[in-house]
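Numbers restart at 1 for each chain; the letters A, B, ... are given by sequence-line order, proteins then strands.
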Amino acid sequence: MLNEWLLNRARWLDSMAWSTDLHESLYMYAWVETTHVLTLTVFLGMLFIIDLRMLGLTFTGVPASKIADRLDIPMLIGMVIMVVTGFILYFAIPVRSTQSIWFRIKVVLMIAAIANAFLFRAKMKAAAGTWDLDPKPPKNIRVGAGLSLALWSGVVITGRTIAYDWFDCHKELPYFMYWAAGCVDEMAAFQ
Amino acid sequence: MDLLPFFEWLDTSILADIAKAYGGVFVVVQTFHLLALSLLGGTVLVGDLRLLGVVMKDVPSQVVIQNTQKWFSVALVILILSGLFQAAAVAMKLYYNEMFWAKMTGLAAGIVFVYAIRRPLLLRFDHDTINPWALRLIAVSSMTIWFTVAASGRWIGFS
């Protein structure tokens, strides 16, 4: 049901002239993708610094909340541009992206990473003043930072693997994989 | 100096065999390359934006540079090792790719700039004794060099 709905939306986007133009453009797609990767380094770079501080691995002489607070804006600027260019990249190749198992895992990991970021931030604010100056923050904060690094690394890995066709719908795959990737037509043929 | 013999060796090395035969290994290494690029980007940006007075204005710039230098070096080592592995898969193609050489030129300039100019100047001298315009020039040069390296690296795939 959800797979059909997602595929129909993707096909609708795919029918738009702009989508085809972008996909087939000589330079525009490359520029958008380059911007996506470069702003990924801005977003993730700031996140790395914040998480490394939370792990007690750098800036140990500077209060943890100060590092997180001061790098928030550049991190968010990177994130906004990264998300916008990410949507444009999806818009250029909507059907294949919708039916990519890697893209789907990436979206799930992104939701988990964002949820973790909110929980992490709440924990940080709740504990403000109690460990802010400690070179090594408490265990729950370090676990949150480690999880953040792992989840965003997962987002990068799955983002990179979207380009590979190992589990594309046109391949011979088990039914479960067709279902997980949303290969609606292949699932129907399987049955 | 012609580096063709090195690329010919790389093309037939065990690294090339692994990179060509195991797509999964190649992707994992490629991901580490991207993550290291992000870490390097983060350390460069935080340091340079601090020198420009854009971020972390209430933390001394010397402290920012001291804390980011180690992680910059860690990222650079991972970038070079993972980059070498990826290059092995398409060594001969890269040898004849202009964008690859643009990236390598930028990378060489970046390494010289960091270890011969930026690091000695910013770690050995009190930043209050350095002309503020010199600090700004270092920051802008640094961001320009590393932006060129990252952008030309991505463009290899499109050229």
Side-chain angles (χ1 to χ4, degrees), chain A residues 25-53 55 57-63 66-75 77-78 82 102 135 149-150 152-167, chain B residues 22-24 26-50 52-60 62-72 74-75 78-79 82 86 99 143 146-159:
Chain A
S25 68
L26 196 55
Y27 288 117
M28 198 56 198
Y29 186 84
W31 276 113
V32 174
E33 199 176 48
T34 303
T35 308
H36 189 66
V37 173
L38 288 176
T39 46
L40 167 90
T41 66
V42 175
F43 164 71
L44 214 54
M46 298 297 156
L47 187 92
F48 275 144
I49 304 284
I50 295 170
D51 285 344
L52 288 173
R53 171 61 186 95
L55 288 168
L57 295 172
T58 191
F59 284 103
T60 48
V62 182
K66 188 183 269 190
I67 296 290
D69 192 51
R70 304 299 184 269
L71 297 183
D72 235 16
I73 290 176
M75 186 173 76
I77 291 172
M82 186 182 74
W102 301 114
L149 285 176
W152 284 111
S153 300
V155 172
V156 174
I157 292 173
T158 47
R160 192 65 205 89
T161 42
I162 291 170
Y164 294 85
D165 68 351
W166 302 324
F167 303 112
Chain B
Y22 302 102
F26 187 82
V27 171
V28 170
V29 175
Q30 205 169 38
T31 304
F32 274 103
H33 195 71
L34 258 180
L35 292 174
L37 177 71
S38 301
L39 179 59
L40 185 132
T43 58
V44 167
L45 274 177
V46 169
D48 291 337
L49 291 176
R50 173 62 192 91
L52 290 171
V54 177
V55 297
M56 297 171 80
K57 284 182 249 184
D58 49 356
V59 179
Q62 206 138 1
V63 171
V64 176
I65 299 298
Q66 278 163 359
N67 279 283
T68 48
Q69 276 303 320
K70 185 181 97 179
W71 290 101
F72 172 89
V74 169
I78 299 172
L79 269 175
S82 56
Q86 288 179 85
M99 202 49 74
M143 285 193 290
W146 292 110
F147 170 81
T148 307
V149 174
S152 54
R154 185 63 201 93
W155 214 262
I156 292 171
F158 300 126
S159 57

**Asked** Taking the six-membered ring for Trp, are A:Y27 and B:W155 parallel (under 30°), tilted (30 to 60°) or perpendicular (over 60°)?
**Response**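 The rings of A:Y27 and B:W155 lie parallel, inter-plane angle below 30°.
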
Quick one: does [X]'s side chain get under 4.5 Å of [Y]'s, heavy atoms only?
| X | Y | result |
| --- | --- | --- |
| B:V28 | A:I157 | no |
| A:L44 | B:L35 | yes |
| B:D58 | A:R70 | yes |

Within this structure, what is the [atom1]-[atom2] distance for the pair [X] and [Y], rounded to the nearest 0.5 Å?
| X | Y | atom1 | atom2 | result |
| --- | --- | --- | --- | --- |
| A:T58 | B:K70 | OG1 | NZ | 7.0 Å |
| A:R160 | B:F26 | CZ | CZ | 8.0 Å |
| A:I67 | B:N67 | CD1 | CG | 7.5 Å |
| B:L39 | A:I49 | CG | CD1 | 6.5 Å |
| A:L40 | B:L37 | CG | CG | 8.0 Å |
| A:L38 | B:W146 | CG | CH2 | 14.0 Å |

**Asked** How far apart are the closest heavy atoms of B:W71 and A:L57, and which atoms are they?
**Response** NE1-O, 3.3 Å

**Request:** Could you tell me which portion of A:L71 (side chain, backbone, both or neither) has an atom closer than 4.5 angstrom to a non-hydrogen atom of chain B?
**Result:**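 The side chain, not the backbone.
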
**Request:** Below 4.5 Å from any heavy atom of chain B, which atoms of A:T35 appear? Answer side chain, backbone, both or neither.
**Result:**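 For A:T35, no heavy atom lies under 4.5 Å from chain B.
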
**Asked** Does a sphere of radius 6.0 Å around OH in A:Y29 hold more than 12 heavy atoms from other residues, nucleotides or ligands, not counting ones at 6.0 Å or beyond?
**Response** yes

**Prompt:** Counting only heavy atoms not in B:F72, do more than 12 sit closer than 6.0 Å to its CZ atom?
**Reply:**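 Enclosed.
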
**Asked** If you count heavy-atom pairs under 4.5 Å between each of A:V42, A:V62, A:L52 and chain B, which one has the most?
**Response**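 Between A:V42, A:V62, A:L52, the count favours A:L52.
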
**Message:** Under a 4.5 Å cutoff for heavy-atom pairs, which residue among B:Q30, B:K57, B:Q66 has the most contacts with chain A?
**Reply:**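 Heavy-atom pair counts peak at B:Q30.
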
**Item:** Between B:G24, B:G153, B:G42, the one whose heavy-atom pairs under 4.5 Å with chain A are most numerous
**Value:**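 Between B:G24, B:G153, B:G42, the count favours B:G42.
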
**Request:** Examine whether an atom of B:V64 lies under 4.5 Å from a heavy atom of chain A, and if so say whether it belongs to the side chain, the backbone or both; otherwise answer neither.
**Result:** both

**Asked** Checking B:V59 against chain A: side chain, backbone, both or neither under 4.5 Å from a heavy atom?
**Response**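 The answer is the side chain of B:V59.
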
**All side chain to side chain contact (heavy atoms under 4.5 Å, CB included) counterparts of A:W166, not counting sequence neighbours** = A:W102, A:T161, A:Y164, B:V27

